[in-house]
Amino acid sequence: MERIISDRALLQVRDLNISFTTAKGDFPAVRGISFDVGRNSIVGLVGESGCGKSVTALAIMRLLPGNARLSGTIDFSGRNIVAMHEEEIRKLRGSEISMIFQEPLTSLNPLWKVGRQIDENLKMHTELKGDDRFQSVVDIMRDVGLPDPERLYHKYPHELSGGMRQRIAIAIAVACRPALIIADEPTTALDVTIQAQILQLLKDINREKGSSIIFISHNFGIIREICTSICVMYAGHLVEIAPTEKLFCEPRHPYTIGLMKAIPKTDSKGKELYDIPGKVPSITDTLPGCPFEPRCEYAFERCKRELPQFEVLGEQHESRCFLAGELR
Amino acid sequence: MKRKRVSLYIGISIIASLLAMMVVSLFYTPYPVTEMNRDERFAPPSANHPLGTDNFGRDVLSRIMKGSQTAFFVGLIAVSVGGLFGVLVGAIAGYFGGMLDEFIMRLMDAMMAFPGILFALMFVSIFGVGIRNTIIAIGIMSIPSFARITRSGFIQHKEFEYVKNARVKGVSNFRIMFSHILPNVLSPIIVAASMGFSSAVLSEAALSYLGLGVQPPDPSWGRMLNESQVFITLSPWYTIAPGIFITLIVLGFNFLGDGIADLQDRQQ
């Protein structure tokens, strides 16, 4: 019994459904997804815009807007986040689960010195006071690779470069050594060289501090670089889960295969870039069958009528396709 | 560019001079404010009495100076009361939204729909005539404008990512509202405060003119206007002096508010 608990994943999402109630009716944004985030792992959530990645992240943080309805369980080291009291989840945020946003300029308060913004996290969740706290903030800033932290402490966000701001945002997120960090496209707003540095920093944090990371992105290149396993999402459904290398070598869902084909490669220079025909179904469309069926080149009659169940293809590799076993 | 700053400078200079006059009056007035002199009733402006004297032979300049204390006091307290409650109510309505917002804002609409002076009249006649009740009434009247401005700022800012980031840090709603968002929406509130100051002074003058504000023998500009109107043909300067000063302070705060607003527009 003891062993099972210690082996349990840090975060277990089970049958998570999220829908938004509006004047025009209920719109499902996430439909019955389940996945695990193990301790010390980096899990990628990939998919096109509007497939439910960010909504899933906000659900884990319990920061969905008031008109969102949620069912299923989100188990975080033995506690169900969905059922928590507001005060309980507030204590969890920032200390055990934290989040990094896409745009580092807007995610920092323009009127607060950056040091104070990191300091606030320690103030909320630790007993540190005065000079000790200042010293901790400086240490954290140094840890995330900010030069001359004593001086930077007193700068305002607009005085820093994009890369530095994102390091500040990461410093805020890691200040209390959370068990889980949710990074929502943390490198999308940065230029490529800075992107690489930030990815390296996140990897270092994962390795040295042991924080698990949920990495949300639509960029397969980045996902491959950083993640240990990947969840591919499409129109609110999870369509394929696999360890990173496995997914890249043997994708077993037509959507994943399409995404892989759409990555520009050096040997495809001069050729027309592949794209998946059609577009993502709107949140208002309700299809009885597989959500990818209208765009799928392998689709057949059954796909229209019936939603495929997950097919286990090997160690931690599952695909939600009738043909999962046959696709090559 | 340059032209826009003019109103700011005019506003600052008017308010600064009036403020200086008020500070001086705390320690020094040319004559004691209530000293009557039967021999010098209705004296025209002269070297001894730059603004003349009133029907009791009191020095008008001294009374104007003393009256500025009332004006600033009433303005400051009324704006503080209105600002405090208005910002609080507006912040709650804007941040939490939903039914609470609807309820608060309909209440504010109802208050706005009610004529201010009428409300003050009613308030003062129920709770008694006097400067304290005047201030409270004026303060309550100014709550809706603060509430509306604060609410709109909060509605806009609560969707910003820095607020999300604060929530992600586990910061409480109260702290997010007043420590994170409020400083970011403060500038329109400052403009509203400046405008509110001028309308508070005007309301006080109006109420005192009607005899419901400051009670004699304490000088107030509105009261002086009231006392002097009987003698307007006999000694017009006695009427003109408080009139000019009321105009000046109202104009000053309006210019100041406009100037600050222009400054913000240019920054954005």
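To find a chain, count down the sequence lines: A is the first, B the second, and so on, and within it residues start at 1.
- Between the side chain of B:Lys169 and the main chain of A:Gln117, a donor-acceptor pair closer than 3.5 Å is present.
- No other option in A:Pro110, A:Ser98, A:Ala175, A:Cys176 has as many heavy-atom pairs under 4.5 Å with chain B as A:Pro110.
- Taking the side chain as every heavy atom from C-beta outward, A:Met61 and B:Lys164 never approach each other to under 4.5 Å.
- For A:Phe134, the CZ atom is densely surrounded, since the number of other residues' heavy atoms within 6.0 Å is greater than 12.
- More than 12 non-hydrogen atoms from other residues, nucleotides or ligands lie less than 6.0 angstrom from CG of A:Asp191.
- Proximity to chain B is limited to the backbone of A:Ile97, based on heavy atoms less than 4.5 angstrom apart.
- The 12-atom threshold is exceeded at CZ of A:Phe20, counting heavy atoms of other residues, nucleotides or ligands nearer than 6.0 Å.
- Here the shortest heavy-atom pairing between B:Val168 and A:Phe101 reads CG2-CZ, 3.8 Å.
- Contact of A:Met124 with chain B is made through the side chain alone, with heavy-atom distances under 4.5 Å.
- Atom CZ of B:Phe103 has 12 or fewer heavy atoms from other residues, nucleotides or ligands within 6.0 Å.
- At most 12 non-hydrogen atoms from other residues, nucleotides or ligands lie less than 6.0 angstrom from CD of A:Glu127.
- Between chain B and the residues A:Ser107, A:Pro157, A:Gly94, the most heavy-atom pairs under 4.5 angstrom are made by A:Ser107.
- The heavy-atom pair separating B:Ser172 from A:Arg90 by the smallest distance is N-NH1, 3.5 Å.
- At a 4.5 Å heavy-atom cutoff, A:Glu86 makes no contact with chain B through either its backbone or its side chain.
- One finds the NE2 atom of B:His157 at 9.5 Å from the CG atom of A:Asn109 (value rounded to the nearest 0.5 Å).
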